[in-house]
Amino acid sequence: MSRFRDSFDQRVWQVVKGIPAGRVMGYGEVARAAGFPRYSRMVAAAMGRCPEPLPWFRVVRSNRTLAFESGSAEYREQAQLLRLEGVRFDGGKIVEAERDDSLDRVLWGPRD
DNA sequence: GGGGTGACAATTC
DNA sequence: GGAATTGCCACCC
């Protein structure tokens, strides 16, 4: 059996679950955080295999756009969920809203 | 084993 | 600011 996939999935899910509300991560970032650089594509597959609900909508492309085609049902759902968490949208791109990241800095380190 | 696929990324024009 | 090209690697026929 593919233990690789099992461990990989677990790590990815853990990382995704750890993304704070109102914050987004790129697929590459998630892969790195999980300890698997260059596995950006597998991140998507891993999330699709997750049995329990996951904040998948907090994972976006590296260019800060949504991974789905604009106008698709999934796209609108993701946009909706993100907006509820205070994420602003400029057209298709995300312009992360400024937020109280006092805790985020401690957990994730200073960003940018 | 071979070839196409993908909720991608980085680089280059 | 795009659009196109190349690299990537497990997964599934």
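Below, chains carry the letters A, B, ... as their sequence lines are ordered, and counting in each starts from 1. Only this structure's heavy atoms are used, side chains among them; waters, hydrogens and symmetry mates stay out.
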Name all residues meeting the side-chain hydrogen bond (donor to acceptor under 3.5 Å, both in side chains) criterion together with D90(A); count only those two or more places apart in sequence or in a different chain, and write none if there are none.
->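 Checked D90(A) against side-chain hydrogen bond (donor to acceptor under 3.5 Å, both in side chains); zero matches.
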By side-chain hydrogen bond (donor to acceptor under 3.5 Å, both in side chains), which residues pair with E85(A), not counting sequence neighbours?
->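 For E85(A), the residues satisfying side-chain hydrogen bond (donor to acceptor under 3.5 Å, both in side chains) (neighbours in sequence not counted) are R58(A).
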Hey, could you give me the CZ/CD1 distance between F57(A) and I19(A), rounded to the nearest 0.5 Å?
->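 The CD1 atom of I19(A) is 9.0 Å from CZ of F57(A), to the nearest 0.5 Å.
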Could you tell me whether the side chain of I94(A) reaches within less than 4.5 Å of the side chain of F89(A), counting heavy atoms only?
->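 F89(A) reaches I94(A) side chain to side chain.
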Side chain to side chain, V59(A) and L54(A), heavy atoms closer than 4.5 Å |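 No, side chains not in contact.
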Kindly state each residue pair satisfying side chain to side chain donor-acceptor pair (under 3.5 Å) with at least one member in residues 28-46 of chain A, sequence neighbours excluded.
->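 Found none.
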Give Y39(A) one of three labels, base, sugar-phosphate or nothing, depending on what nucleic acid heavy atoms sit under 4.0 Å from its own.
->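 The residue Y39(A) makes sugar-phosphate contact but no base contact.
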Protein-nucleotide distance (F8(A), atom CZ; dG6(B), atom C1'), rounded to Å |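 Answer to the nearest Å: 13 Å.
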For F36(A) and dC11(C), what is the distance between atoms CZ and C1' respectively, to the nearest whole Å?
->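 Atom CZ in F36(A) sits about 16 Å away from atom C1' in dC11(C).
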Anything under 3.5 Å between a protein N or O and an N or O of nucleotides 1-5 of chain C, put it in a table, one pair a line.
{"residue": "dG2(C)", "atom": "OP2", "partner": "K93(A)", "partner atom": "NZ", "Å": "3.2"}

Counterpart residues, side-chain contact (heavy atoms from CB on, under 4.5 Å), relative to A34(A) (two or more places apart) |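 With sequence neighbours excluded, A34(A) shows a side-chain contact (heavy atoms from CB on, under 4.5 Å) to R11(A), V12(A), V15(A), F36(A), given in chain and number order.
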Please measure how far the P atom in dA7(B) lies from the corresponding atom in dG7(C), and state the result in whole Å.
->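 Approximately 22 Å lies between the P atom of dA7(B) and that of dG7(C).
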Please check if the side chain of W56(A) supplies one atom and the backbone of Q78(A) the other of a donor-acceptor pair under 3.5 Å.
->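 No, W56(A) side chain to Q78(A) backbone: no donor-acceptor pair under 3.5 Å.
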Reading nucleotides 7-13 of chain B from 5' to 3' and marking B where a protein heavy atom lies under 4.0 Å of the base, S where only the sugar-phosphate is that close, and - otherwise, the string is BBSS---
Pairwise 5' ranking along DNA chain C for R49(A) and R38(A), keeping only the more 5' one |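 Final value for this comparison: R38(A).
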